[in-house]
Trainee: 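Pasting in a structure now, in structure tokens, and then I'll have a few things to ask.
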Amino acid sequence: MSFAQRALRHGSFVAGALLVALLVGLALLSFVWTPHPAAEIDVAAKLRPPSATHWLGTDSLGRDIASLLIVGARASIAAGLIAVGLGMAVGVALGLLAAARRGWVEELVMRLADFGLAFPALLTAIMLSAIHGPGLATAVIAIGLYNIPEFARLTRAAANTVWAREYVLAAQALGKGAWRISAQHVLPNIAALLIVQATLRFAIAILAEAALSYLGLGTQPPMPSWGRMLNEGQSMMFQAPLLAVWPGLAIVLSVLGLNLLGDGLRDLLDPRLARQR
């Protein structure tokens, strides 16, 4: 059975893929169309309930909630892609270096990773905000820096297992260098694990960006953000509770979709689980 056939029969993968496709589709759609301009303020129409004109209602400034959600998907996608990309690029390289060189090099890389894990994304964002000011770039860098040790530790552990395999020992006996073996044998054999981890870290990055924006350290006005929409809706919980429901639902569905996609990929890319299915 081909990968595509197995994927279509995997419920978690299909559900996750549909939710992620919806998230990406909304982000792309926002560049060409929204029901109303996202930054358009109409105080006379503030706190309107859902209607044919405003599908999800309006906020305290009269802005269209549906338009804010659609444009806000950009920040979530940007945070996930850049932060996970940064963490994966640097972390995988460091993990491969640690597994290939061993000895003091491995010990140094792992201690640096432990040091990096001591600074969560929130603390890093606060420090960067004090230096450069809050913003999406600050949030993305903070999340990306925290992802580096996560990928480094995972890559090093997985690569060490591959380095003990017979075909790698044979490649060493043939005189292949450590980096050539890493590129030709180690990395391809741990790629599936890294892809699954990247999917799961993407979900965490969306949550982290929303949390930082909620605290005022992430995306700044006038760019919409789901986290800041939650913050603004919190003060209107009794007058208009839906203001907090819509961005919260968007975050939940996005994270759920990425987690389901990651679980599905894990099952589909693991040959042992694939044989069981």
Trainee: Count the heavy atoms of every other residue, nucleotide or ligand shown that sit under 6.0 Å from CH2 of Trp104, and state whether that count exceeds 12.
Mentor: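 Open.
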
Trainee: Measure the spacing between CG of Leu268 and CZ of Arg9 and express it to the nearest 0.5 Å.
Mentor: 11.5 Å

Trainee: Walk me through whether Leu56 and Leu242 qualify under side-chain contact (heavy atoms from CB on, under 4.5 Å).
Mentor: CA-CA 8 Å; Leu56 301 180; Leu242 287 178; over 6 Å; no

Trainee: Yes or no on side-chain contact (heavy atoms from CB on, under 4.5 Å) for Ile82 and Ile143, after CA distance, side-chain angles and deciding distance?
Mentor: CA-CA 9 Å; Ile82 300 174; Ile143 300 168; over 6 Å; no

Trainee: If you take all heavy atoms of Pro224 and Ala38, which pair is closest and at what distance?
Mentor: CG-CB, 4.2 Å

Trainee: Do Asn147 side-chain atoms and Gly87 backbone N/O form a donor-acceptor pair below 3.5 Å?
Mentor: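 It does not hold such a pair.
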
Trainee: If you look at every heavy atom in Ala99 and Ala159, which pair is closest and at what distance?
Mentor: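 Where Ala99 meets Ala159 most closely, the heavy atoms are CB-CB, 3.5 Å.
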
Trainee: How long is the span from the CG atom in Leu81 to the CE atom in Met88, to the nearest 0.5 Å?
Mentor: 12.0 Å

Trainee: For the backbone of Ala178 and the side chain of Ser182, can you confirm whether one donor and one acceptor N or O come within less than 3.5 Å of each other?
Mentor: yes

Trainee: Do you know which two heavy atoms are closest between Ala244 and Leu230, and how far apart they sit?
Mentor: O-CD2, 3.3 Å

Trainee: Roughly how far, to the nearest 0.5 Å, is the CG atom of Leu207 from the CZ atom of Phe202?
Mentor: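 The distance works out to 12.0 Å.
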
Trainee: Set out, in order, the CA-CA distance, both residues' side-chain angles and the distance that settles side-chain contact (heavy atoms from CB on, under 4.5 Å) for Arg201 and Phe151, then state yes or no.
Mentor: CA-CA 10 Å; Arg201 297 306 301 182; Phe151 277 102; 3.9 Å; yes

Trainee: Can you tell me if Lys176 has over 12 outside heavy atoms packed within less than 6.0 Å of its NZ?
Mentor: yes

Trainee: Could you check if a side-chain atom of Asp267 sits within less than 4.5 angstrom of a side-chain atom of His10, using non-hydrogen atoms only?
Mentor: yes

Trainee: Could you tell me whether a side-chain N or O of Thr155 sits under 3.5 Å from a main-chain N or O of Ala152, the two making a donor and an acceptor?
Mentor: no

Trainee: Show me, pair by pair, the donor-acceptor contacts under 3.5 angstrom made by side chains of residues 253-263, not counting sequence neighbours?
Mentor:
| residue | atom | partner | partner atom | Å |
| --- | --- | --- | --- | --- |
| Ser254 | OG | Ala250 | O | 2.8 |
| Asn259 | ND2 | Val255 | O | 3.2 |

Trainee: Okay, side chain of Trp246, backbone of Ile65: is any donor-acceptor separation there less than 3.5 Å?
Mentor: no

Trainee: Considering only heavy atoms from C-beta outward, does the side chain of Trp163 approach that of Leu169 to under 4.5 Å?
Mentor: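 No, every pair of side-chain atoms sits at 4.5 Å or beyond.
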
Trainee: Give the ring-plane orientation class for His185 versus Tyr167, where under 30° counts as parallel, over 60° as perpendicular and anything between as tilted.
Mentor: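 Geometry flag for Tyr167 against His185: tilted rings.
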
Trainee: Inspect the contact between Arg153 and Asp114 and indicate whether a charged nitrogen and a carboxylate oxygen are less than 4.0 angstrom apart.
Mentor: yes

Trainee: Do you know which two heavy atoms are closest between Val140 and Ala78, and how far apart they sit?
Mentor: CG2-O, 4.5 Å

Trainee: In the structure I gave you, are the side-chain heavy atoms of Leu86 and Val90 within less than 4.5 Å of one another anywhere?
Mentor: yes

Trainee: Can you tell me how far CG of Leu112 sits from CG of Leu117, rounded to the nearest 0.5 angstrom?
Mentor: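 Reported to 0.5 Å precision, the distance equals 11.0 Å.
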
Trainee: Please round to the nearest 0.5 Å and tell me the distance separating atom CG of Leu29 and atom OG1 of Thr34.
Mentor: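 So the gap between those two atoms works out to 8.0 Å.
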
Trainee: What verdict does the salt bridge (Lys or Arg N to Asp or Glu O under 4.0 Å) test give for Arg101 and Glu107, after you've listed the backbone C-alpha separation in whole Å, the side-chain angles of each residue and the deciding distance to 0.1 Å?
Mentor: CA-CA 10 Å; Arg101 294 301 182 186; Glu107 188 68 18; over 6 Å; no

Trainee: Are Leu193 and Ile195 in one and the same hydrophobic cluster, where Ile, Leu, Val, Met, Phe, Trp and Tyr link if side-chain heavy atoms are under 4.5 Å apart?
Mentor: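 Both belong to a single hydrophobic cluster.
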
Trainee: Please find the pair of heavy atoms, one from Ala27 and one from Phe31, that lie closest to each other, and give the distance.
Mentor: O-CD1, 3.2 Å

Trainee: Can Glu106 and Arg156 be counted as an ion pair, charged N to O under 4.0 angstrom?
Mentor: yes

Trainee: Just distance, no hydrogens or angles: give the donor-acceptor pairs under 3.5 Å from side chains in residues 67-77, sequence neighbours left out.
Mentor:
| residue | atom | partner | partner atom | Å |
| --- | --- | --- | --- | --- |
| Ser67 | OG | His36 | N | 2.9 |
| Ser67 | OG | His36 | O | 2.9 |
| Ser67 | OG | Asp64 | OD2 | 2.8 |
| Arg74 | NE | Ser30 | OG | 2.8 |
| Arg74 | NH2 | Ser30 | O | 2.9 |

Trainee: Is there a side-chain contact between Phe3 and Leu269 in this structure, where contact means two heavy atoms from C-beta onward sitting under 4.5 Å apart?
Mentor: yes

Trainee: Going by atom types only, do Thr219 and Glu209 share a side-chain donor-acceptor pair under 3.5 Å?
Mentor: yes

Trainee: Please confirm whether the backbone N or O of Arg48 pairs with a side-chain atom of Thr58, one donor and one acceptor, at under 3.5 Å?
Mentor: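 Checking the backbone N and O of Arg48 against the side chain of Thr58, a donor-acceptor pair under 3.5 Å is found.
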
Trainee: Verify the cluster assignment for Val245 and Leu26: are they in a single hydrophobic cluster under the rule of side-chain heavy atoms below 4.5 Å apart?
Mentor: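 Different hydrophobic clusters.
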
Trainee: Drop me the distance from Thr199's OG1 to Ile204's CD1, to the nearest 0.5 angstrom.
Mentor: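 Going from the OG1 atom of Thr199 to the CD1 atom of Ile204 covers 11.5 Å.
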
Trainee: Could you tell me which residues satisfy ring pair (Phe, Tyr, Trp, His ring centres under 6.0 Å) with Phe119, sequence neighbours excluded, listed by chain and number?
Mentor: Phe115

Trainee: Please confirm whether the backbone N or O of Met223 pairs with a side-chain atom of Arg228, one donor and one acceptor, at under 3.5 Å?
Mentor: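 Checking the backbone N and O of Met223 against the side chain of Arg228, a donor-acceptor pair under 3.5 Å is found.
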
Trainee: Is it true that Val84 and Val92 fall in one hydrophobic cluster, defined by side-chain heavy atoms closer than 4.5 Å?
Mentor: yes

Trainee: Flag yes if Ile251 and Leu136 sit in one hydrophobic cluster, no otherwise; membership is Ile, Leu, Val, Met, Phe, Trp, Tyr, and two members link when side-chain heavy atoms are under 4.5 Å apart.
Mentor: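 No, Ile251 does not connect to Leu136 through the hydrophobic network.
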
Trainee: How about CE on Met127, more than 12 heavy atoms from neighbouring residues, nucleotides or ligands closer than 6.0 Å, or not?
Mentor: yes

Trainee: On a heavy-atom basis, which atom in Leu128 and which in Ala142 lie closest, and how many Å separate them?
Mentor: CD1-N, 4.1 Å

Trainee: Would you say that Arg63 contacts Glu40 through its side chain, given a criterion of any heavy-atom pair below 4.5 Å between the two side chains?
Mentor: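 Counting from C-beta outward, Arg63 and Glu40 never come under 4.5 Å.
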
Trainee: Report yes if some heavy atom in the side chain of Trp55 is under 4.5 Å from a heavy atom in the side chain of Pro50; otherwise report no.
Mentor: no

Trainee: According to a 4.5 Å side-chain heavy-atom criterion applied to Ile, Leu, Val, Met, Phe, Trp and Tyr, with indirect links allowed, do Phe13 and Leu18 form part of one hydrophobic cluster?
Mentor: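 No, Phe13 does not connect to Leu18 through the hydrophobic network.
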
Trainee: Taking the side chain as everything from C-beta on, heavy atoms only, tell me whether Ile126 gets closer than 4.5 Å to Leu215.
Mentor: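 Result no, sub-4.5 Å side-chain heavy-atom pair not found.
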
